[in-house]
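One structure is given here, and the rest of the page talks about it.
Read the numbers this way: they start at 1 and go in the same order the structure lists the ligands and their atoms.
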Amino acid sequence: MNPLPRSKPGRCWLVGAGPGDPELLTLKAVKAIRQATVLLVDDLVSDAVLDVALKGRKRRPRIVQVGKRGGCASTPQAFIERLMIGEARRGERVVRLKGGDPFVFGRGGEEAEHLRAAGIEVEVVNGITSGLAAATGLGVPLTHRAHAHGVIFVTGHAREGGVELDWATLGAAAAQGLTLVIYMGVAQAERLQAGLLRTLPAHTPAAAVQHASLPQQRQVVTTLGELPATLREQGIGSPAILIVGDVLRGAAALATREDEQRHAA
Ligand code: SAH
């Protein structure tokens, strides 16, 4: 691997830490983390990722927890950006480590814009987004030649960026064979379900995967009609990905078989 270029004053990296399993870090992410002198770490970044990426490094970077772990509430975005700009201008190699991919619902886009506007060079390093890890955790593909011709990555968070999504339209897209991968949707499951049920049958397969790729991963495979009740009963909370679509039929069959085997045992 070529070494990363030496940092000129005014440079920082937005790095995707992947879904949690350190083996899913990219080589480029590890390289960026190891050369950091200041490391700003988001909530969703697992401790295992930091341990692996910094293993054997003689001088540890200054680590700033900018998620909820660092204080009682998440650090305000404007404060984080000011900190990054200040440190980068002092010549520090500033790495902002984000869960999954920095450009998938990670506010990486806004951050990159603000930093560049302040004259800071920004390099972005992809990470494996949790939606991909969730599907793999269930053992299902997101596309399938027979019944899924595309994927929609969508936020379930109400009014993200001021826009209220039309879930009936998204349901219609799923009915055409597009798999829905919903981030930040657990707390809103009932609202999303109500919209989707306007265009999708209640028996449409639906699943949730919490802590995808981590040892504590938990998943449920159910139907759209049963989704909110199943999440409540099984105590599935954030961070979790919801998946809706026919690609889950294989996973549903698997879950039923496992259930039958458990009952037979
Ligand atoms: N940039 C991140 C997404 C940040 S938004 C990425 O690419 O994955 C935060 C949401 O991501 C959470 O509410 C949850 O829906 C999802 N998420 C992040 N890590 C997760 C994980 N390990 N398992 C399941 N969902 C996860």
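- With hydrogens left out, the protein atom closest to atom 9 (C) of ligand 1 is L44 CD1, 3.6 Å, a heavy atom.
- Put simply, no part of L214 is less than 4.0 Å from ligand 1, judged by heavy atoms.
- The heavy atom nearest to atom 16 (C) of ligand 1, out of those in S213, S130, G137, is found in S130.
- Of all the listed residues (G99, A212, P102), A212 holds the heavy atom that lies closest to atom 23 (N) of ligand 1.
- For R116 and E121, the salt-bridge test fails: no basic side-chain N is under 4.0 Å from an acidic carboxylate O.
- A salt bridge between E164 and R191 is present, with a side-chain N of the basic residue lying under 4.0 Å from a carboxylate O of the acidic one.
- Contact between K98 and ligand 1 is absent, with no heavy atom of the residue lying under 4.0 Å from the ligand.
- Ligand 1 places these atoms under 4.0 Å from at least one heavy atom of H211: 22 (N), 23 (N), 24 (C).
- Shown here for I128 and L24, the closest heavy-atom pair between the two residues is CD1-O, 3.9 Å.
- Remark: distances from the non-hydrogen atoms of A240 to ligand 1 include one below 4.0 Å.
- Checked by distance only, ligand 1 and Q210 stay at 3.5 Å or farther apart across all their nitrogen or oxygen atoms.
- Of all protein heavy atoms, the one lying nearest to atom 1 (N) of ligand 1 is V104 O, 2.7 Å.
- Using a 4.0 Å cut-off between charged nitrogen and carboxylate oxygen, E190 and R232 count as a salt-bridge pair.
- Below 4.0 Å from some heavy atom of V209 lie the following atoms of ligand 1, by number and element: 24 (C).
- In this structure, P19 has a heavy atom closer than 4.0 Å to ligand 1.
- For M184, a nitrogen or oxygen atom sits less than 3.5 Å from a nitrogen or oxygen atom of ligand 1, counting backbone and side chain alike.
- Considering every non-hydrogen atom in both V151 and L178, the closest pair reads N-CD2, 4.4 Å.
- The closest protein non-hydrogen atom to atom 4 (C) of ligand 1 is F105 O, 3.3 Å.
- With salt bridges taken as basic N to acidic carboxylate O contacts below 4.0 Å, one links E111 and K98.
- Checked against M184 for a side chain to side chain contact (heavy atoms under 4.5 Å, CB included), the options T155, V154, I241, L242 give a single hit: T155.
- The two atoms that bring I236 and Q210 nearest to each other are CA-OE1, 3.9 Å, heavy atoms only.
- Taking any N or O of T129, backbone or side chain, at least one lies under 3.5 Å from an N or O belonging to ligand 1.
- Taking hydrophobic clusters as Ile, Leu, Val, Met, Phe, Trp and Tyr residues chained together by side-chain heavy-atom distances below 4.5 Å, V186 shares a cluster with L197.
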